[in-house]
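Below is one structure, written out as structure tokens; the observations come after it.
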Amino acid sequence: MLSTFRFNARAAARVFVTLMERLGHSQFYVQGGDWGSYISSLMARYYPTKVKGLHVNMYFFLPQTWEFLKGVAITLFPSLISKDEYEIAFPLKRKFKMLLEESAYFHMQGTKPDTLGCGMSDSPAGMAAFLLEKFPICTDRKFLDLEDGGLTKKFTLNELLTNVMMYWINNNFAAAARFYKENVREVFRNLHEKMPVIVPSAVALFPHEVLMFPKTMMSQQMKNIVSYTIMPQGGHFAALEEPQLFSDDLWKFVSLVEGKFH
């Protein structure tokens, strides 16, 4: 029987705000990548008096019309942005091709998560294959050309197995996949992007992140970007791949906001 309770990113944002309040923190910083970037941005949008700053390492907002037109202009005239930004986020043709080839999981989880979840809860090997298949493209797309997908170039086998076991032991793959279905309609209807992020914000741009845009396309929705760092290496799993670079940038941002950075 399917639950009638829809736990989506908006509900997750409320849960995290409530958690911080119950822990005794009336104000706090939030950080996110992937869905965490979307959840943390909702916390910043709807609770600006509580969120002191937002730090993201993935841009999870659908571009508005003006932002999309900027993207087309940048594709035609790459010199409008820095070379590093262009190589990470453009050209759009290459990006769309990559997303088309690598987004089958998103469509399955966004439409039939419970059907997929039945298979995942029945086979640990199947679950491992499904989960680990995304690591190469999310870490460095060149790994796709390697026979083993370069799985151990950035991660140990213990780290990879731990990731799989978090889903297997708790039998929570279906619940995690269902999060896509609960959000996909709202995301593509742009329900939240009408309200900009006004709290101090930071962007850590890792070169192998699968979904990022240049600063000029983010500024329409993130109105107060105080830190924007183009990282020398790293991908989608930034905190796991490059923990030192990740944490240094996060603390730099906090120091900037707190007025302690010189």
Side-chain angles (χ1 to χ4, degrees), residues 1-3 5-9 11-12 15 32-40 56-60 62 94-188 206-212 233-243 246:
M1 181 179 294
L2 298 179
S3 171
F5 174 68
R6 300 186 62 186
F7 187 82
N8 54 23
V15 167
D34 201 272
W35 280 115
S37 127
Y38 192 52
I39 294 169
S40 58
V56 297
N57 57 284
M58 179 177 173
Y59 187 71
F60 204 128
L62 286 183
R94 185 190 70 190
K95 274 292 182 180
F96 286 141
K97 179 177 181 294
M98 184 272 291
L99 290 174
L100 184 63
E101 292 174 346
E102 300 296 333
S103 60
Y105 81 98
F106 194 105
H107 186 71
M108 285 190 288
Q109 293 177 193
T111 56
K112 304 296 180 183
D114 296 296
T115 303
L116 182 64
C118 290
M120 295 298 103
S121 64
D122 187 60
S123 170
M127 179 183 288
F130 191 89
L131 292 173
L132 299 185
E133 181 265 335
K134 301 315 301 176
F135 275 74
I137 185 62
C138 290
T139 306
D140 186 336
R141 59 185 59 89
K142 291 193 296 293
F143 289 173
L144 291 174
D145 299 325
L146 302 178
E147 185 175 344
D148 64 351
L151 286 174
T152 57
K153 287 187 175 296
K154 280 287 186 177
F155 312 102
T156 67
L157 289 176
N158 276 339
E159 288 173 332
L160 296 170
L161 182 59
T162 297
N163 185 283
V164 174
M165 293 300 284
M166 285 191 295
Y167 293 89
W168 178 254
I169 294 297
N170 297 301
N171 193 25
N172 62 6
F173 181 94
R178 197 176 301 125
F179 194 73
Y180 284 70
K181 183 178 177 68
E182 302 295 2
N183 283 287
V184 70
R185 185 179 181 185
E186 291 189 357
V187 169
F188 287 104
F206 287 85
H208 298 299
E209 177 55 72
V210 294
L211 187 61
M212 285 299 277
Q233 59 201 37
H236 183 71
F237 305 107
L240 186 58
E241 295 174 49
E242 303 292 342
F246 179 88

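Note that this is a predicted model, so its numbers are computed, not measured. All residue numbers refer to positions in the sequence shown, counting from 1. Just so you know, these numbers use all the heavy atoms, side chains as well, and skip hydrogens, waters and symmetry mates.
A pairwise comparison of heavy atoms in Ala9 and Ile39 identifies CB-CG1, 4.0 Å as the closest pair. Between Thr139 and Glu241, the shortest heavy-atom distance links the atoms CG2-OE1, 3.5 Å. Nearest heavy-atom pair, Cys138 versus Val210, reported as atom, atom and distance to 0.1 Å: CA-CG1, 4.0 Å. Across Pro136 and Phe143, no two heavy atoms sit closer than the pair CB-CB, 4.0 Å. In terms of heavy atoms, Gly110 sits closest to Val184 at O-CG1, 3.9 Å.
Ser40 is listed as a side-chain neighbour of Val56, based on a closest heavy-atom distance under 4.5 Å. Residues Glu102 and Arg141 form no side-chain contact, since every pair of their non-hydrogen atoms from C-beta on lies 4.5 Å or further apart. Under the 4.5 Å side-chain criterion, counting only non-hydrogen atoms from C-beta, His236 is in contact with Met58. With a 4.5 Å cut-off on side-chain heavy atoms, Met120 and Tyr167 do not count as touching. Side-chain contact between Ser37 and Asn57: absent, with no pair of heavy atoms (C-beta onward) separated by less than 4.5 Å.
The CG atom of Leu131 sits 11.5 Å away from atom OH of Tyr105, with the distance rounded to the nearest 0.5 Å. For the atom pair CD1 of Ile137 and CG of Leu144, the computed distance is 4.5 Å after rounding to the nearest 0.5 Å. Atom CG of Leu132 and atom CG of Asp148 lie 11.5 Å apart (nearest 0.5 Å). Atom CZ of residue Phe7 and atom CD of residue Glu182 lie 10.0 Å apart, to the nearest 0.5 angstrom. To the nearest 0.5 Å, the span separating OH on Tyr59 from CD on Glu209 amounts to 13.5 Å.
For the pair Lys112 (side chain) and His107 (backbone), a donor-acceptor distance under 3.5 Å is absent. With hydrogens and angles disregarded, no donor-acceptor distance shorter than 3.5 Å links the side chain of Glu242 to the backbone of Ala238.
The side chain to side chain contact (heavy atoms under 4.5 Å, CB included) test applied to Lys142 returns Asp140, His208, not counting sequence neighbours. In this structure Phe246 satisfies the ring pair (Phe, Tyr, Trp, His ring centres under 6.0 Å) test with no other residue, sequence neighbours excluded. With sequence neighbours excluded, the residues that form a side chain to side chain contact (heavy atoms under 4.5 Å, CB included) with Met108 are Leu116, Phe130.
Note on Lys154 versus Glu159: no salt bridge recorded, every NZ/NE/NH1/NH2 to OD/OE distance being 4.0 Å or above. Using a 4.0 Å cut-off between a side-chain N of Lys or Arg and a carboxylate O of Asp or Glu, Lys97 and Glu101 qualify as a salt bridge.
Under the side chain to side chain contact (heavy atoms under 4.5 Å, CB included) rule, Asn163 has a single partner from Phe135, Phe237, Phe155, which is Phe135. No option in Asn172, Asp114, Asn183 other than Asp114 meets the side chain to side chain donor-acceptor pair (under 3.5 Å) test with Arg178.
Between Phe173 and Trp168, the ring centre distance reaches or exceeds 6.0 Å.
Summarising the local packing, NZ of Lys153 is surrounded by 12 or fewer heavy atoms from other residues, nucleotides or ligands at distances under 6.0 Å.
Using cut-offs of 30° and 60° on the angle between ring planes, the pair Phe106 and Trp35 is parallel.
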